[in-house]
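First the structure, in the form of structure tokens, and then the observations on it.
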Amino acid sequence: QAQLGESGGGSVPAGASLNLSCTVPGFTDNRCDMEWYQQAAGKQRKWVARFETDGSVAYYADSVKGRFTASAAAAKDTVLLQMNNLKPEDTGTYSCKTVFCRGDPGLSGSWGQGTQVSVSS
């Protein structure tokens, strides 16, 4: 499976913004759909967003709808999660996952290692 790399996390106050990125070799050429997940300490991993590369359509969990935006970056093989108006409950490790790669199905189902987001009240 492809090795995904997430970055862009940090420690910020409530109301701040962060822009997470996820890079996976072959994403652009193989037209992969991507999902983002959040896992807080001691909690189950939760689905946050899905980005469908065909048509650039995105879907979001109710808890982040209107605040987060998933998109493809201008840079090759990179997707973004723009996080605005962050809340303490957004704290956790954010990971990306390839869902469906049309050009090479072998790239599908790959997880990144995650990037940490901490939001203080």
Is any side-chain heavy atom of [Y] closer than 4.5 Å to one of [X]?
X      : Y     : result
Asn19  : Leu80 : yes
Asn84  : Phe68 : no
Phe51  : Val57 : no
Leu107 : Val24 : no
Arg67  : Lys87 : yes
Asp33  : Arg50 : yes
Ser17  : Gln82 : yes

*side chain to side chain donor-acceptor pair (under 3.5 Å) between Ser21 and Ser7: does it pass, once the steps are laid out?*
CA-CA 5 Å; Ser21 65; Ser7 63; 2.8 Å; yes
Let me check something: do [X] and [Y] share a hydrophobic cluster, defined by ILVMFWY side-chain heavy atoms less than 4.5 Å apart, either directly or through other members?
X      : Y      : answer
Tyr60  : Val99  : no
Met83  : Val119 : yes
Phe100 : Tyr59  : no
Trp36  : Val117 : yes
Val12  : Val48  : yes

*Evaluate the side chain to side chain donor-acceptor pair (under 3.5 Å) criterion for residues Thr23 and Thr78: first the C-alpha distance (whole Å), next the side-chain angles of each, then the deciding distance (0.1 Å), finally the verdict.*
CA-CA 4 Å; Thr23 299; Thr78 302; 3.1 Å; yes
So which heavy atom on [X] is nearest to which on [Y], and how close?
X      : Y     : result
Ala70  : Ala49 : CB-CB, 4.4 Å
Arg45  : Gln39 : NH2-OE1, 3.5 Å
Ser121 : Ala14 : CA-CB, 4.4 Å

Can a donor-acceptor pair be found, under 3.5 Å and without considering hydrogens, that links the side chain of [X] to the backbone of [Y]?
X      : Y     : value
Asn30  : Cys32 : no
Ser118 : Thr91 : no
Glu89  : Ser63 : no

_Tell me every residue that passes salt bridge (charged side-chain N to carboxylate O under 4.0 Å, His left out) with Lys46, counting only those two or more places apart in sequence or in another chain._
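For Lys46 there are no salt bridge (charged side-chain N to carboxylate O under 4.0 Å, His left out) partners, ignoring immediate neighbours.
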*Partner residues of Asp77 under the salt bridge (charged side-chain N to carboxylate O under 4.0 Å, His left out) criterion, sequence neighbours left out*: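 With neighbours one apart ignored, the set is empty.
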*Candidate pair Gln116 and Thr93, rule side chain to side chain donor-acceptor pair (under 3.5 Å), full reasoning*: CA-CA 4 Å; Gln116 182 65 223; Thr93 299; 2.8 Å; yes
*Passes side-chain contact (heavy atoms from CB on, under 4.5 Å), Glu6 versus Ser95? Steps please.*
CA-CA 7 Å; Glu6 299 97 337; Ser95 302; 3.7 Å; yes
_Pairwise distance CE(Met34) to OG(Ser71) - rounded to 0.5 angstrom_ =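 Rounded to the nearest 0.5 Å, the CE-OG separation comes to 12.0 Å.
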*CG/Leu81 to SG/Cys96 distance, rounded to the nearest 0.5 angstrom?*
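Going from the CG atom of Leu81 to the SG atom of Cys96 covers 10.0 Å.
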_Let's go through Glu35 and Lys97 carefully: what are the C-alpha distance in whole Å and the side-chain angles of both, what is the deciding distance for salt bridge (Lys or Arg N to Asp or Glu O under 4.0 Å) to 0.1 Å, and is it a yes or a no?_
CA-CA 5 Å; Glu35 289 188 331; Lys97 174 188 178 182; 5.1 Å; no
*asked:* What verdict does the salt bridge (Lys or Arg N to Asp or Glu O under 4.0 Å) test give for Lys65 and Asp62, after you've listed the backbone C-alpha separation in whole Å, the side-chain angles of each residue and the deciding distance to 0.1 Å?
replied: CA-CA 5 Å; Lys65 194 174 299 181; Asp62 288 341; 3.1 Å; yes
